[in-house]
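Any value given below was found using the heavy atoms of this structure, including those in side chains, with hydrogens, waters and symmetry copies removed.
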Amino acid sequence: MLLRLAYLGVTNAFAMLRLLPMSDRDKDVEIRALRHQSTVLERQLGGYRPWFGPIDSSDWSAGSPTDGCPA
């Protein structure tokens, strides 16, 4: 459990560092791409909406300018 927490912390830190030099337009494009991937996954699962855990939800809400909803 502690190893997973450390891994998530390091990967999130690198993800945030990667976003620093990006313009707002680049960030918007990436958010749209992630939302599209989520929609495609939903469609492939036959309309079943995938369950996102608390950590996933916080990642989505941190990246979304409007709401925490991934799709």
Do L17 and V10 belong together in a cluster built from hydrophobic side chains that touch within less than 4.5 Å?
yes
Nearest non-hydrogen partners of T11 and L8, listed with the distance
OG1-O, 3.1 Å
Go through the steps to decide whether V40 and H36 satisfy the test side chain to side chain contact (heavy atoms under 4.5 Å, CB included), and finish with yes or no.
CA-CA 6 Å; V40 169; H36 174 72; 3.5 Å; yes
dist L41:CG -> Q37:CD (nearest 0.5 Å) comes out at 9.5 Å
Approximate separation, where rounding is to 0.5 Å, of D28 CG and D24 CG
6.5 Å
Suppose we screen for side chain to side chain contact (heavy atoms under 4.5 Å, CB included). Which residues come up paired with V29, at least two apart in sequence or across chains?
none
For the atom pair CG (D26) and CD1 (I31), what is the distance rounded to the nearest 0.5 Å?
11.0 Å
